[in-house]
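All values below come from the heavy atoms of this structure, side chains included, with hydrogens, waters and symmetry mates left out.
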Amino acid sequence: IWKERWLKTAMLNDVEAHYTCKKGRIDSFELFQTGTKDYPTLRAHKTRIAILKKYRGVYRVHRTVPVEYSGERTKVPKMIGKVCPDILYPNYKDHDYVSVILDKKSLQNIESNLVNVSDPFLKSILWSDLWQMVLKQKMDMSRYLEIAEYNGLTESNLDIVSSVFGNVASILNKYYPNTGQPWTAQREVWVKFFEQAYMTKINELVEDPVAQKIWFKNLLQISESSDV
């Protein structure tokens with residue numbers, strides 16, 4: 001069965017945590033697994049669920065819980081009574097071969113605080129998951145642009161910077177609707193905003209040519225103004 005489900009079927013499954021909290025503790029917890037119309041096979045998985053809490057403005061891993069799940073819905077008794085997370089991540093260290101759909105509360109906290117996640121690998125994976133959510137139409141493109149604005153422009157990890165703003169360029173150059181006045185005007189606002197933001201970063205980084213080069217590359221990918 002393992003061979004049939006893992007070696008002879010394509011595509012990743014999606015996993016999303018559904019949970020509720022009461023008096024600061026988790027009182028219900030399930031993992032929901034989905035496939036696609038063309039590849040509906042659901043597999044058995046082993047993972048670690050990470051609970052992140054905010055300490056002095058920084059989101060740190062409070063604890064992790066090893067979990068096994070399979071099928072469409074799996075109740076997770078191990079999670080009952082654990083502290084309610086500020087951010088929950090159901091594939092810590094990315095050991096499970098699965099695509100994560102972030103839960104509503106975690107996504108809300110990530111929107112303006114992703115740059116404050118202390119674990120650099122987890123931060124990188126969260127950015128990747130956000131982009132996959134865009135591609136799967138689980139999150140609006142404009143929301144990704146807003147998260148990039150609030151978090152990407154102050155990110156110091158240059159690998160993350162290059163990846164995130166490469167995605168921003170893809171949204172603005174490939175995926176943003178180019179028909180209809182409201183969409184055209186909205187796209188123009190975003191392009192002008194990021195042009196100016198990138199120029200500011202370039203001017204701030206005169207003593208760091210490596211970083212400056214990356215921000216200049218970001219600018220070249222989206223620039224449309226004659227005065228840039």
Side-chain angles (χ1 to χ4, degrees), residues 12 14-21 24-26 29 31 45 47-67 76 78-79 82-136 138-171 194 197-198 201 204-205 208 210-211 214-215 218:
L12 294 177
D14 290 343
V15 65
E16 182 177 2
H18 290 207
Y19 61 94
T20 58
C21 296
R25 298 283 171 176
I26 295 172
F29 194 101
L31 290 175
H45 298 262
T47 190
R48 294 192 75 89
I49 297 174
I51 293 173
L52 280 74
K53 295 295 290 182
K54 188 176 183 179
Y55 298 99
R56 297 181 179 179
V58 177
Y59 287 80
R60 304 183 186 278
V61 176
H62 174 76
R63 73 179 303 164
T64 65
V65 180
V67 168
V76 188
K78 286 183 179 181
M79 295 298 293
K82 301 294 189 295
V83 66
C84 193
D86 293 322
I87 296 173
L88 184 132
Y89 195 69
N91 188 19
Y92 186 57
K93 296 297 184 184
D94 199 31
H95 290 163
D96 188 9
Y97 190 61
V98 72
S99 180
V100 172
I101 305 299
L102 295 164
D103 68 271
K104 184 178 180 180
K105 179 182 177 182
S106 296
L107 186 55
Q108 286 175 340
N109 281 328
I110 284 169
E111 281 184 322
S112 55
N113 293 287
L114 182 49
V115 70
N116 297 318
V117 171
S118 64
D119 184 321
F121 180 71
L122 178 56
K123 185 195 295 184
S124 177
I125 293 298
L126 286 167
W127 274 114
S128 177
D129 289 333
L130 291 172
W131 181 238
Q132 288 302 312
M133 288 174 68
V134 171
L135 296 180
K136 294 176 180 180
K138 300 286 186 179
M139 186 173 74
D140 187 83
M141 292 182 296
S142 294
R143 195 171 188 182
Y144 187 92
L145 296 178
E146 290 169 356
I147 296 172
E149 174 188 354
Y150 292 136
N151 297 275
L153 293 174
T154 51
E155 178 58 58
S156 59
N157 185 313
L158 295 181
D159 289 333
I160 291 177
V161 167
S162 183
S163 174
V164 168
F165 291 102
N167 294 339
V168 167
S170 292
I171 289 174
F194 281 115
Y198 296 168
K201 297 296 292 186
E204 290 174 351
L205 293 166
D208 188 347
V210 174
I214 288 174
W215 285 105
N218 293 337

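- Although no hydrogens or angles enter the test, the distance criterion places no donor-acceptor pair under 3.5 Å between the side chain of Lys78 and the main chain of Val65.
- For the atom pair CZ of Phe121 and CG of Asn157, the computed distance is 12.0 Å after rounding to the nearest 0.5 Å.
- Atom CG in Leu52 sits 7.0 Å away from atom OG in Ser118 (nearest 0.5 Å).
- The pair Asp86-Lys54 does not meet the salt-bridge criterion, since no charged nitrogen lies less than 4.0 angstrom from a carboxylate oxygen.
- A perpendicular orientation is assigned to the rings of Tyr144 and Trp127, their planes being inclined by more than 60° (bins at 30° and 60°).
- Tested against Ile87, the residues Val61, Asn109, Leu107 include a single side-chain contact (heavy atoms from CB on, under 4.5 Å) partner, Asn109.
- Asn91 contributes atom CG, which lies 10.0 Å from atom CD1 of Ile49 (distance to the nearest 0.5 angstrom).
- Nearest heavy-atom pair across Ile147 and Met139 is CD1-SD, 4.3 Å.
- For Ser170 (side chain) and Gly166 (main-chain N/O), a donor-acceptor pair under 3.5 Å exists by modelled atom type.
- Between the side chains of Ser162 and Asp159, no donor N or O sits under 3.5 Å from an acceptor N or O.
- The closest donor-acceptor contact from the side chain of Ser106 to the backbone of Leu88 lies under 3.5 Å.
- Counting only distance, with no hydrogens or angles, the side chain of Lys93 and the backbone of Arg48 share no donor-acceptor pair below 3.5 Å.
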For Leu126 and Trp131, what are the C-alpha separation, side-chain angles and deciding distance, and is it a side-chain contact (heavy atoms from CB on, under 4.5 Å)? CA-CA 9 Å; Leu126 286 167; Trp131 181 238; over 6 Å; no
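- The closest donor-acceptor contact from the side chain of Asn151 to the backbone of Leu114 lies under 3.5 Å.
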Run the side-chain contact (heavy atoms from CB on, under 4.5 Å) test on Val164 and Glu155 for me, step by step, so that the C-alpha distance in whole Å, both residues' side-chain angles and the decisive distance to 0.1 Å come before the verdict. CA-CA 10 Å; Val164 168; Glu155 178 58 58; over 6 Å; no
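- Not one N or O on the side chain of Asn116 forms a donor-acceptor pair closer than 3.5 Å with the backbone of Tyr59.
- Taken to the nearest 0.5 Å, the CG atom of Leu31 stands 10.0 Å off from the CD atom of Glu16.
- One side chain, Lys136 or Ser99, offers a donor N or O that lies under 3.5 Å from an acceptor on the other.
- Distance check, rounded to the nearest 0.5 Å: CE of Met79 to SG of Cys84 gives 9.5 Å.
- Lys82 places no side-chain N or O within donor-acceptor distance of the main-chain N or O of Ile51, the cut-off being under 3.5 Å.
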Evaluation steps, side-chain contact (heavy atoms from CB on, under 4.5 Å), between Tyr89 and Asp129: CA-CA 11 Å; Tyr89 195 69; Asp129 289 333; 2.4 Å; yes
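- Side chain of Lys138 to backbone of Val134: no donor-acceptor contact under 3.5 angstrom is found.
- A pairwise comparison of heavy atoms in Pro120 and Ile160 identifies O-CD1, 4.5 Å as the closest pair.
- For CZ of Arg143, the number of neighbouring non-hydrogen atoms (other residues, nucleotides, ligands) closer than 6.0 Å is greater than 12.
- Side-chain N/O atoms of His62 and Tyr55 include a donor and acceptor closer than 3.5 Å.
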Test side-chain contact (heavy atoms from CB on, under 4.5 Å) on Leu158 and Val210; report intermediate values, then the result. CA-CA 9 Å; Leu158 295 181; Val210 174; 4.0 Å; yes
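- In this structure, the side chain of Asp96 does not engage the main chain of His45 through any donor-acceptor pair within 3.5 Å.
- Here the side chain of Thr47 pairs a donor or acceptor atom with the backbone of Pro90 at under 3.5 angstrom.
- Using modelled atom types, one finds a donor on one side chain and an acceptor on the other under 3.5 Å when comparing Asp119 with Tyr92.
- When all heavy atoms are compared, the tightest approach of Glu111 to Tyr150 is O-CB, 3.8 Å.
- Between Phe165 and Phe194, the ring-plane angle classifies as perpendicular under the 30° and 60° cut-offs.
- Contact annotation: the side chain of Pro85 approaches that of Tyr19 to within less than 4.5 Å [non-hydrogen atoms, C-beta and beyond].
- Taking CD1 of Ile110 as the start and CG of Leu102 as the end, the distance is 4.5 Å to the nearest 0.5 Å.
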